[in-house]
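Below, chains carry the letters A, B, ... as their sequence lines are ordered, and counting in each starts from 1.
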Amino acid sequence: MHQYRTHSCDALRITDAGKIARLSGWVHRKRDHGNLLFIDLRDNFGITQCVVDSSNSEFQKIDDLRLESVVCVTGKILRRSDETINATLSTGEVELIISDAEVLAEADPLPLQVNSDMDYGEETRLRYRFLDLRRDRLHQNIQLRSEVVSSIRRRMTEQGFTEFQTPILTSTSPEGARDFLVPSRIHPGNFYALPQAPQQFKQLIMVAGFDRYFQIAPCFRDEDARADRSPGEFYQLDVEMSFVTQDDVFEALEPVLHGIFVEFGEGKSVTPIPFPRIPFAESMLKYGNDKPDLRNPIVMTDVTNVWSGTDFKIFSSAIEKGAVVRAIPAPGADKMPRSFFDKLNDWAREEGAGGLGYIIFSDGEGKGPISKFLDTERMEQLKKLTGIADDGAVFFVCDIEAEACRFGGLARDRIGAELNLIQEDQFKFCWIVDYPMYERDERTGRLIFSHNPFSMPQGGLEALESDDPLKIKAYQYDIVCNGVELSSGAIRNHLPAIMYKAFSLAGYNKEEVELRFSGMLNALKFGAPPHGGSAPGIDRMVMLLAGEQNIREVTMFPMTQQAQDLMMGAPAPVDSERLEELHIRISMPPTKET
RNA sequence: GGGGGUGUAGCUCAGCUGGUUAGAGCGCUGGCCUGUCACGCCAGAGGUCGCGGGUUCGAGUCCCGUCACUCCCGCCA
């Protein structure tokens, strides 16, 4: 018989009755009846009830065990009597009658209860992460994550992609986020950087002729955390392909994403292939942002013309100064009480907007404080534009375009949630395409790259030379699911001439570009294939699939919001000898005076 | 860097308008219980009310500061 176990704690069934079995696991729960003791023994796979009574010499040893101690028990498998069957356990028709028991490891009293689904404070959970991970919910989430990653690997490989590793110690990249730096011992005063993403490497892999690359890639960015953003590190399904158009990238990724979400989505419906493609400008107009939650059926429209020149001066004079009015149709809102509209108005004020104007339609007639400013003709136009004609309400946001989009988007989310319009049982995917290549930096007035400086501008060199830079679009795209940005990607700029020109518009001269991107540029000068790719976030995909609101719930060993690992005690000071070796001297920030 | 929330027993929380000895559940320790499955019953131990200062006859409670966790803004392709 095996030293530790003949079966897992999820293996025994009624057909095993009569056998001698050996199980090892954690003491999940004890039910002590004095002379009869039940132990729920748990391992990775499940739970089996084990029984011992006081006539057994092992009784006292087991009776003394605290919860979460590790024990190996051996004994006969018995069919339970009909009244004692536990239908909630897969092993509930049998139990193990303990004849021998060996304590493999004793547990101290627990700082958090493993056998409970109670909410615990984040600090306790992170400090004792190994205990939290034993608990069902987190255990399942991490298991799911592993299965998702395996399935991604299989699906990518089947589509002809090849997995490669790229360096973790690399050079600092001038664009994007703050780098994590690693001091060089051999080169005093010089630093490696951890990759923010394997962006340049994957392009170099294409230049090297490997055609289709993917990697479950760790990415490191020294930026502040959010609920959906780990501090420090996260993982991407990093993808790059040669000789492809934007549509080829979409067609390669859609079946993988669709397949994953069908496989692990537990019956929720998934947007059929091909996913809708929504131009950036259209998304901003209709949804107020570039990561629309399409489970919300509300679509905004521009109704500036409806309000222009009316006697409602708040809107009409703002329009004269360049503001726009966006309508947020709210089907069914005519049935809501007055407090619903007041609450939304209060919320709008808290968000810094002037308020949230509205017109209520019931039986085809417009009512509400501002409806009197619209004559019949304008009212008809409004009904036509918003699709709200007989029953419902229309909310209005009036501001300069960017602010109207932003706030309208928030209001759309809010109203959709309040009216229970969100289709919770769905995964709604879309591509956002045609991002602008450049935007104006509001503080400096300078032209900056909107997204990736390595993206190919639509229209190529000609567009860069003759068009208004702010009108140039890039072959740059995001994939969005249920309002979560999963990835961004692009067809890359593989031509040095276009790269020099693209950077010069953003204020970098040829020398600077060569200095900063020598590796990349050099490679492009020796025959680079047209190529492009994307990089969906693994953590966020698993978050969506697990139905979690927080990325720490799908991360095995996360750090706190302040980027500390409470379990391992990182970051931590190091010995002065280590610092000397690295040619580093600490310069502490001044301590605050009180 | 900024704004909000939380911080009371090992854990989750209650503690009113400032007023006697700060409570409950779980866990822990001891006792009783042979068919439970969140077993039940009895008893006990366990507290720098995050920390520092202030107001007050009196502070868990009010004020100021600070620290930790968290949510958000900035930041982040």
*Asks:* Is there a Watson-Crick or G-U wobble partner for A24(B) with both distances under 3.5 Å, and which nucleotide is it?
*Replies:*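 U12(B) - that is the nucleotide pairing with A24(B), both distances being under 3.5 Å.
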*Asks:* For Ile47(A) and A38(B), what is the distance between atoms CD1 and C1' respectively, to the nearest whole Å?
*Replies:* 12 Å
*Asks:* Rounded to whole angstroms, how far apart are CZ on Phe280(A) and C1' on A77(B)?
*Replies:*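 My rounded result for the distance is 13 Å.
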*Asks:* Who does C62(B) pair with, Watson-Crick or G-U, both distances under 3.5 Å?
*Replies:*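 Per the H-bond distance test, G54(B).
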*Asks:* Whether the side chain of Arg412(A) engages the backbone of Asp293(A) through a donor-acceptor N/O pair (distance < 3.5 Å, no angle test) should be reported.
*Replies:*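 A pair under 3.5 Å: yes.
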*Asks:* Which sits closer to the 5' end of RNA chain B, Gly121(A) or Arg492(A), going by the nucleotide each is nearest to?
*Replies:*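 Its nucleotide being nearer the 5' end, the pick is Gly121(A).
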*Asks:* Taking OP1 and OP2 of C11(B), is either one under 4.0 Å from a side-chain nitrogen or oxygen of Arg125(A)?
*Replies:*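 So the side chain of Arg125(A) is outside the cut-off, no N or O lying under 4.0 Å from OP1 or OP2 of C11(B).
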*Asks:* Mind calculating the distance between CD (Gln203(A)) and P (A77(B)) to the nearest angstrom?
*Replies:*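 One finds 16 Å between P of A77(B) and CD of Gln203(A), rounded.
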*Asks:* Using a heavy-atom cut-off of 4.0 Å across all strands, would you classify Asn115(A) as base, sugar-phosphate, or nothing?
*Replies:* nothing
*Asks:* Using the C1' atom on both, measure G2(B) against G47(B) and round to a whole Å.
*Replies:*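 Looking at atom C1' only, G2(B) and G47(B) are 35 Å apart.
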*Asks:* Answer yes when Arg80(A) and Glu93(A) have at least one side-chain N-carboxylate O distance shorter than 4.0 Å, and no when they do not.
*Replies:*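 Here Arg80(A) does not pair with Glu93(A) in a salt bridge, since their nearest N and O are not under 4.0 Å apart.
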*Asks:* May I ask you to evaluate whether Thr84(A) reaches the phosphate of U36(B), defined as a side-chain N or O under 4.0 Å from OP1 or OP2?
*Replies:*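 Result: no.
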*Asks:* For the pair Phe275(A) and Trp431(A), name the ring-plane relationship: parallel under 30°, tilted 30 to 60°, perpendicular over 60°.
*Replies:*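 Tilted.
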*Asks:* Can you find a donor-acceptor pair, distance only, under 3.5 Å between Glu123(A) side chain and U70(B) base?
*Replies:* no
*Asks:* Rounded to whole Å, how long is the line connecting atom CG of Asp63(A) with atom C1' of G31(B)?
*Replies:*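 About 12 Å, once rounded to whole Å.
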*Asks:* Does the C75(B) base have a donor-acceptor partner in the side chain of Arg221(A) within less than 3.5 Å?
*Replies:*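 Side chain to base: no pair below 3.5 Å.
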*Asks:* More than 12 heavy atoms of other residues, nucleotides or ligands under 6.0 Å from CG of Asp64(A): yes or no?
*Replies:*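 Correct, the count exceeds 12.
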*Asks:* Give Gln562(A) one of three labels, base, sugar-phosphate or nothing, depending on what nucleic acid heavy atoms sit under 4.0 Å from its own.
*Replies:*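 Since only primed, P, OP1 and OP2 atoms lie under 4.0 Å of Gln562(A), the category is sugar-phosphate.
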*Asks:* Could you tell me the separation between the CG atom of Asp32(A) and the P atom of C28(B), rounded to a whole number of Å?
*Replies:* 11 Å
*Asks:* Rounded to the nearest angstrom, tell me the gap between atom NE2 in His28(A) and atom C1' in C39(B).
*Replies:* 15 Å
*Asks:* For the pair made of CZ in Arg178(A) and P in G1(B), what is the distance, rounded to whole Å?
*Replies:* 10 Å
*Asks:* Measure from the side-chain heavy atoms of Gln564(A) and tell me the nearest of C33(B), C69(B), U34(B).
*Replies:* C69(B)
*Asks:* Looking only at N and O atoms, is any donor in the side chain of Arg229(A) or the base of C75(B) less than 3.5 Å from an acceptor on the other one?
*Replies:*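 When only heavy-atom distances are counted, Arg229(A) does reach the base of C75(B) through a donor-acceptor pair under 3.5 Å.
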*Asks:* Counting side-chain heavy atoms from C-beta on, which of C26(B), U36(B), U70(B) comes nearest to Gln113(A)?
*Replies:*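 Closest nucleotide among those given: C26(B).
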*Asks:* Check whether the side chain of Glu68(A) and the base of G27(B) form a donor-acceptor pair under 3.5 Å.
*Replies:* no
*Asks:* On the nucleotide C75(B), are OP1 or OP2 found under 4.0 Å from the side-chain N or O atoms that Arg226(A) carries?
*Replies:*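 For C75(B), OP1/OP2 do not have a side-chain N/O of Arg226(A) under 4.0 Å.
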*Asks:* With centres under 5.5 Å and planes under 30° as the test, does His33(A) stack with C39(B)?
*Replies:*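 Check passed, His33(A) stacks on base of C39(B).
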*Asks:* With rounding to the closest Å, how many angstrom separate the C1' atoms on A22(B) and C64(B)?
*Replies:*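 Looking at atom C1' only, A22(B) and C64(B) are 25 Å apart.
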*Asks:* How would you label the contact of Ser488(A) with the nucleic acid (heavy atoms, under 4.0 Å): base, sugar-phosphate, or nothing?
*Replies:*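 It contacts base atoms.
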*Asks:* Using the C1' atom as the reference point in each nucleotide, state the distance between U55(B) and G1(B) in Å, no decimals.
*Replies:* 32 Å
*Asks:* Under 4.0 Å between a side-chain N/O of Arg31(A) and OP1 or OP2 of C39(B), yes or no?
*Replies:*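 Affirmative; the distance criterion is met.
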*Asks:* Do any side-chain nitrogens or oxygens of Asn550(A) fall under 4.0 Å of OP1 or OP2 in C71(B)?
*Replies:*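 Yes, because at least one side-chain N or O of Asn550(A) sits under 4.0 Å from OP1 or OP2 of C71(B).
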*Asks:* Can you identify which nucleotide, out of A77(B), C75(B), C37(B), has its nearest atom closest to the Gln49(A) side chain?
*Replies:*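 Selected nucleotide (nearest to the side chain): C37(B).
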*Asks:* Look at the rings of Tyr435(A) and Phe280(A) and say which category their plane angle falls in: under 30° parallel, 30 to 60° tilted, over 60° perpendicular.
*Replies:*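 It falls in the tilted class, 30° to 60°.
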*Asks:* Would you say Gln561(A) places a side-chain N or O within less than 4.0 Å of OP1 or OP2 belonging to C71(B)?
*Replies:*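 Result: yes.
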*Asks:* Using a cut-off of less than 4.0 Å, is there contact between a side-chain N or O of Arg552(A) and OP1 or OP2 of C71(B)?
*Replies:*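 For C71(B), OP1 or OP2 has a side-chain N or O of Arg552(A) closer than 4.0 Å.
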*Asks:* Which whole-number value in Å describes the distance from Asn35(A) CG to C39(B) C1'?
*Replies:*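 Nearest whole value for this atom pair: 15 Å.
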*Asks:* Give a yes or no on whether Glu439(A) atom CD has more than 12 heavy-atom contacts from other residues, nucleotides or ligands under 6.0 Å away.
*Replies:*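 Yes, CD of Glu439(A) has more than 12 neighbouring heavy atoms, counting only those of other groups under 6.0 Å.
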*Asks:* Considering only the C1' atoms, how many Å lie between A24(B) and C69(B), rounded to the nearest integer?
*Replies:* 24 Å
*Asks:* Can you find a donor-acceptor N/O pair under 3.5 angstrom joining the side chain of Arg66(A) to the base of U29(B)?
*Replies:*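 Flag unset: no donor-acceptor pair detected.
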*Asks:* Could you tell me how far G23(B) sits from G46(B) if I compare only their P atoms? Round to whole Å.
*Replies:*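 The same atom, P, in both gives a distance of 13 Å.
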*Asks:* In whole angstrom, give me the gap between the P atoms of C28(B) and C73(B).
*Replies:*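 After rounding to an integer number of Å, I get 42 Å for this pair.
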*Asks:* Who does C39(B) pair with, Watson-Crick or G-U, both distances under 3.5 Å?
*Replies:*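 Pair assignment: C39(B) / none.
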*Asks:* How far, in whole Å, is U12(B) from C75(B) if one measures between their P atoms?
*Replies:*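 Straight-line distance between the two P atoms is 35 Å.
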*Asks:* When you compare A45(B) with A68(B), how far apart are their C1' atoms, in angstrom units rounded to a whole number?
*Replies:* 29 Å
*Asks:* Please determine whether a side-chain nitrogen of the Lys or Arg among Asp247(A) and Arg277(A) lies less than 4.0 Å from a carboxylate oxygen of the Asp or Glu.
*Replies:*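 A salt bridge is present here (some side-chain N lies under 4.0 Å from a carboxylate O).
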*Asks:* Let's see if you can work this out: which of G1(B), A77(B), C37(B) has an atom nearest to the side-chain heavy atoms of Asp224(A)?
*Replies:*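 Closest nucleotide among those given: G1(B).
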*Asks:* Taking atom types as modelled and ignoring hydrogens, do the side chains of Tyr213(A) and Asp238(A) form a donor-acceptor contact shorter than 3.5 angstrom?
*Replies:* yes
